[in-house]
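Below, all heavy atoms of this structure are taken into account, side chains as well, without hydrogens, waters or symmetry copies.
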Amino acid sequence: MPRVQSIDDAVTWPAGEGTLGVVGVAPWATLDFLKALYSQVAASKDWHYPRVICDINTKLPSRGRHLELGERDPSPFIAETIAELARQGASAVVVPCNTAHILYPRWAAHSPVPVPSIVDATTQSLHEGRARKAAILASAALYRHGLYQRALDEAGIALCPLLDEEIVLVADTITAVKTRGGIGQALQPPLERMFARLVHEGVDGVVLGCTELAGLAPLASRHAAVVSESNAALACAALRAIGMTPTVSAA
């Protein structure tokens, strides 16, 4: 792929600015990640944004089906994609998928470039917002594997578990985004009731721990003081990994 150098003072960018690679495993979530990334760049011209090499590969084996049904492990394919993006010029690579991070050690351990963790980035943003008690909205697989539960515990943030019916509600919300690209009106009232209950239980922080849940951020923010949306948090970490400074906090 071409490497373009700035040629004058009018069209220029920092010499040390890196290139970001993105392994897109779900189309809508990847598009939301890119929106989160670009929204955190101070830019008045196209060339002020970083170079991004994005591979949205919907044929990568399902993370959920591997974890729940024992089907093909996506890890070797994700690792191969990371290496390919690095060869194309990426100086850091991100995987905007929370469920894939259950397998993070398998595909990130031997990466030729830095691979920021979406779990670390999301938890850090919640910690920076000084949340004391948090609820995790994520896929059923993430709940069962305790990925964010462990991260919150290590950060000293108390956990407020979701009720069984709330876990189902979150799963339905994720499915709606995956299949229709949005949450829809029918899910709004039960989601409002869920957030009201969480606040009543003392929750002041919410982890939107599924990249399909970015659209819940405005609703969650009406109830909780700190909302850490995983795509926004990963976008902040990604910009820092390529030597750029995000303009807004992920929390």
Side-chain angles (χ1 to χ4, degrees), residues 29 32-33 35-36 39-40 64 96-102 104 116-178 182-237 246 248-251:
D32 278 335
F33 169 78
K35 287 172 62 178
S39 71
Q40 295 179 39
C97 173
N98 284 274
T99 305
H101 279 71
I102 296 172
Y104 181 82
S117 160
I118 198 170
V119 177
D120 291 346
T122 304
T123 305
Q124 179 64 24
S125 121
L126 201 68
H127 180 71
E128 289 174 355
R130 301 192 177 183
R132 294 165 296 177
K133 187 174 185 179
I136 302 165
L137 276 60
S139 69
L142 251 70
Y143 285 122
R144 282 192 286 273
H145 286 269
L147 196 63
Y148 274 103
Q149 290 92 318
R150 290 192 296 273
L152 289 181
D153 185 60
E154 291 171 3
I157 301 171
L159 173 67
C160 180
L162 296 189
L163 304 176
D164 289 345
E165 58 268 29
E166 292 170 341
I167 294 175
V168 173
L169 173 62
V170 173
D172 289 344
T173 304
I174 293 169
T175 298
V177 175
K178 281 183 177 292
I183 296 170
Q185 292 299 315
L187 292 171
Q188 295 290 335
L191 287 168
E192 288 275 10
R193 290 193 293 271
M194 177 185 71
F195 283 120
R197 184 194 74 82
L198 292 173
V199 171
H200 181 73
E201 294 292 332
V203 166
D204 61 354
V206 172
V207 171
L208 297 180
C210 177
T211 46
E212 273 82 18
L213 295 177
L216 270 184
L219 176 58
S221 296
R222 293 205 298 270
H223 294 270
V226 186
V227 177
S228 183
E229 194 276 300
S230 59
N231 259 342
L234 183 61
C236 278
V248 296
S249 168

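Within the structure, every pair that satisfies the salt bridge (Lys or Arg N to Asp or Glu O under 4.0 Å) test and touches residues 130-150, not counting sequence neighbours, is listed here: Glu68-Arg144, Arg132-Asp204.
No more than 12 heavy-atom neighbours from other residues, nucleotides or ligands sit within 6.0 angstrom of CD on Gln185.
Residues Ala36 and Ser39 approach most closely at O-OG, 2.9 Å, considering heavy atoms. Across all non-hydrogen atoms, the minimal contact from Leu126 to Gly205 is CD1-CA, 4.1 Å. Contact record, Ala235 with Gln40: CB-NE2, 3.8 Å, taken as the closest heavy-atom pair.
Here the CD-CG distance, from Glu201 to Leu163, works out to 8.0 Å after rounding to the nearest 0.5 Å. Going from atom CG of Asn231 over to atom NZ of Lys35 covers 10.5 Å, rounded to the nearest 0.5 Å. Note that SG of Cys160 is 11.5 Å distant from CG of Leu152, once rounded to the nearest 0.5 Å. Atom CG in Leu216 sits 5.5 Å away from atom CG in Leu191 (nearest 0.5 Å). Here the CG-CG distance, from Leu169 to Asp164, works out to 12.5 Å after rounding to the nearest 0.5 Å. Taken to the nearest 0.5 Å, the CD1 atom of Ile157 stands 7.0 Å off from the NE2 atom of His127.
Side-chain contact annotation: Glu128 with Gln124, donor-acceptor N/O pair under 3.5 Å present.
Listed by chain and residue number, nothing satisfies the ring pair (Phe, Tyr, Trp, His ring centres under 6.0 Å) test with His145 (two or more places apart in sequence, or in another chain). Not a single side chain to side chain contact (heavy atoms under 4.5 Å, CB included) links Glu154 to another residue, sequence neighbours left out. Under the rule for a ring pair (Phe, Tyr, Trp, His ring centres under 6.0 Å), the partners of Phe195 that lie at least two apart in sequence or sit in another chain are His223. Judged as a side chain to side chain contact (heavy atoms under 4.5 Å, CB included), and not counting sequence neighbours, the contacts of Asp172 are Val168, Leu187.
A donor-acceptor pair under 3.5 Å is formed between the side chain of Ser228 and the backbone N or O of Thr122. Between the Asn98 side chain and the Ile118 main chain, no donor and acceptor come within less than 3.5 Å of each other. Under the 3.5 Å distance criterion, the side-chain polar atoms of His101 are left unmatched by any main-chain donor or acceptor of Val119. With hydrogens and angles ignored, the 3.5 Å screen pairs a side-chain donor or acceptor of Tyr143 with a backbone N or O of Ile136. Remark: side-chain polar atoms of Gln149 are not paired, donor with acceptor, to backbone N or O of Leu159 under 3.5 angstrom.
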Which atom pairs, donor and acceptor, lie under 3.5 Å between side-chain atoms of residues 206-214 and protein residues at least two apart or in another chain?
from, atom 1, to, atom 2, distance (Å)
Thr211, OG1, Pro96, O, 3.4
Glu212, OE2, Lys178, NZ, 3.3

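Put simply, the side chain of Leu147 does not reach to within 4.5 Å of the side chain of Thr99, judged on heavy atoms.
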